[in-house]
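Proteins come first, then strands; the chains are lettered A, B, ... in the order of their sequence lines, and each starts at number 1.
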Protein chains: 2
Amino acid sequence: MGEPVTIMDVAKAAGVSPATVTHALNGKRPVSEMTRKRVLAAVESLGYVPSWNASRMKSRSSGIIGCLAADITETFVNQIVRGIEQGLSGGQHSLFFVSGIEFGNDLKKAYHFLKSHKVEGILFCHHLPIWKEFNLDTQNSDIPIVSVNMDTPGMISVIPDNTTGGYQAAEHLYGCGMRHPAMICGPEDRLSVQDRLQGFSSRVTELQMQMPTLRYYGNYDYDHGFEAAIELMRDYPETDGIFCANDYIAAGCIAGLQNLGYEVPSQVRVVGFDNRDFSSFWNIPITTFELPLQEMGILGVSILKQVISTGSYAKTKHVLQSKLIPRQSSRG
Amino acid sequence: MGEPVTIMDVAKAAGVSPATVTHALNGKRPVSEMTRKRVLAAVESLGYVPSWNASRMKSRSSGIIGCLAADITETFVNQIVRGIEQGLSGGQHSLFFVSGIEFGNDLKKAYHFLKSHKVEGILFCHHLPIWKEFNLDTQNSDIPIVSVNMDTPGMISVIPDNTTGGYQAAEHLYGCGMRHPAMICGPEDRLSVQDRLQGFSSRVTELQMQMPTLRYYGNYDYDHGFEAAIELMRDYPETDGIFCANDYIAAGCIAGLQNLGYEVPSQVRVVGFDNRDFSSFWNIPITTFELPLQEMGILGVSILKQVISTGSYAKTKHVLQSKLIPRQSSRG
DNA sequence: TTGTAAGCGTTATCAA
DNA sequence: TTGATAACGCTTACAA
């Protein structure tokens, strides 16, 4: 498939030196208009594209930022990645996305891969503290790392404010008439679940209401919501407002409530989290919270860029607010 | 942030030549066990990782495969990318994913970017024939390109069989008792819509049934399904089976039918497409088709690898079957 | 088994 | 305004 065209080929074709070709292309020193035109013509006709590798051999900077994530099909990952791309667009850096899947979930391998490409910084995008496994490397890493979505001690972190989300959920449900709150949680080991729970229960306490001690932990899915709702209403029949840890659970919860003959929202109000696509057109549209995922990606890039350019690496923590989206499931 | 560690540093620390370091690391020539150990110790203590750029300067191959897509947040894109990652894992190549977003949707720019990184092949991942815009480049491209998801004339294509999907939808609905079929289409300019329509109507004809001439084109979303269902039942009240171009439309269609007082599936059967997450737990679980997205990614990689290694570039077309997932919306 | 030196394609420095 | 040359970090003949 065709020999690779080098700067020498272009130089020969244009009858100039390789140095002139470089400068005609990147304008780092003046080139006469006539020469430039000849060079550009040669570039065009030969289909020459400079080799990134060779260019970056000399200059210390690779111009590449790496992103390490587990699985691109997870909504939170691809939304964040989209934000990262936006934050990078038009700038000097480009993105090298690497998924755990490529490396059999061996993050150490993936990290070394990025390092071998001389990335100038890494955006780390997980919902579990997997970083612990290769802690040693990252702590003393000469490459700045920003953790997006996980509050990772010892790293700069950009995270959504799940706690305030929970707090606002309680506030909102109270305003809609809830007096006997409850929560159906997701997986117990997720920080997002704990934070949402903590925010919710703290506002519940402030408002001098009681909530069940049972947490109804389970998967982040419909079935768990359905079953938990039935258990919950059996255990605490006075419940008139349920905060679900995400929209899948909320959807199941609503269905479970309807199955028991409850009316949503007049008898029981329901709030979810994450603003999944179906939430807007669920049979009872689901009140939810939109995570600032793209904003997190954009902010992560901006912070990383700053760290790279200044060299200062303060382990700061940046919290972005989630946004309440009120829908029918919570208000009459 | 620390000076970059080079092979020279390691060589000095281990008291050997750079050549020995290379060979101790990649085993392309025998190294005594003692020397190897000293080298590896030096590598470890210095945190040395070989520069990918420098390594690839000599060898013609970059070991990189590029992937060009519009938007990673689209399900079909990230599923395919996941397949690509799987196909690549454990092999010699790594993936450079590039999104249109990074380049302000200037595909030409993105293509040149990949070329500058000396990618050995490109996987092109779109649902629209945007490639036409930079047709000239790709036709004479010295880099092999495989189009995944779009049947792109002049390129190797890996595509889902939407036509057979439509065909099977008609077959399935007929088996469920449908005698007066109809279809609610998506955007008229999508090939997927046209193919699904064609497959459906061809089986309808074979089964000697009639279907409306109206196509009910519209967005691939819930609202369109809802409104189109109402129009459709007004125009053709005898309709007892509706094939919707995707699951969003199907969800809206079911809601629209229920709104009119029809029972699904006993009075009207509904089939969707794409197997969205909500389809399994919709209030009436939606019969749908699962696209072989990950498989398409895997196959795309495998074909591209073969083209790269053999150098032969036949413009073949590879069609993968979608899989019917029967649920309640179609059978009583 | 190991070392020396040339070369990959580009850019920076120096000289013209 | 331009050209020659060294250098980037690594691999690989070739030599020892």
Here the distance between atom P of C:dT1 and atom CZ of B:Arg38, to the nearest Å, is 14 Å
Measure the distance from CG on B:Leu46 to P on D:dG9 and round it to the nearest whole Å.
15 Å
Any donor-acceptor N/O pair, A:Ser62 side chain to A:Ile64 backbone, under 3.5 Å
yes
Taking the side chain from B:Asp195 and the backbone from B:Ser192, do they hold a donor-acceptor pair closer than 3.5 Å?
no
Value in whole Å for how far the C1' atom of D:dA16 lies from CZ of B:Arg29:
11 Å
What's the shortest heavy-atom distance between B:Ile72 and B:Asn78, and which atoms?
O-ND2, 3.0 Å
Under 4.0 Å between a side-chain N/O of A:Thr20 and OP1 or OP2 of D:dT1, yes or no?
no
Are the side chain of B:Thr152 and the backbone N or O of B:Met150 linked by a donor-acceptor pair below 3.5 Å?
yes
Counting primed atoms plus P, OP1 and OP2 as sugar-phosphate and everything else as base, spell out the protein contacts along nucleotides 6-12 of chain C at 4.0 Å heavy-atom distance: B, S or - for each nucleotide, 5' to 3'.
-BBBBBB
Report yes or no: does A:Ser99 contribute a side-chain atom to a donor-acceptor pair with the main-chain N or O of A:Ala70 at less than 3.5 Å?
yes
Partners meeting side chain to side chain contact (heavy atoms under 4.5 Å, CB included) with A:Ser89 (sequence neighbours left out)
none
Quick check: does any side chain N or O of A:Glu120 sit under 3.5 Å from a backbone N or O of A:Gly63, one acting as donor and the other as acceptor?
yes
Quick check on the helix from C:dT1-D:dA16 to C:dA16-D:dT1: what's the angle between its two end axes, five base pairs per end, to the nearest 10°?
40°
Distance flag, aromatic centroids of B:Phe96 and B:Phe113, threshold under 6.0 Å:
yes
Any B:Thr35 side-chain N or O less than 4.0 Å from OP1/OP2 of C:dT1:
no
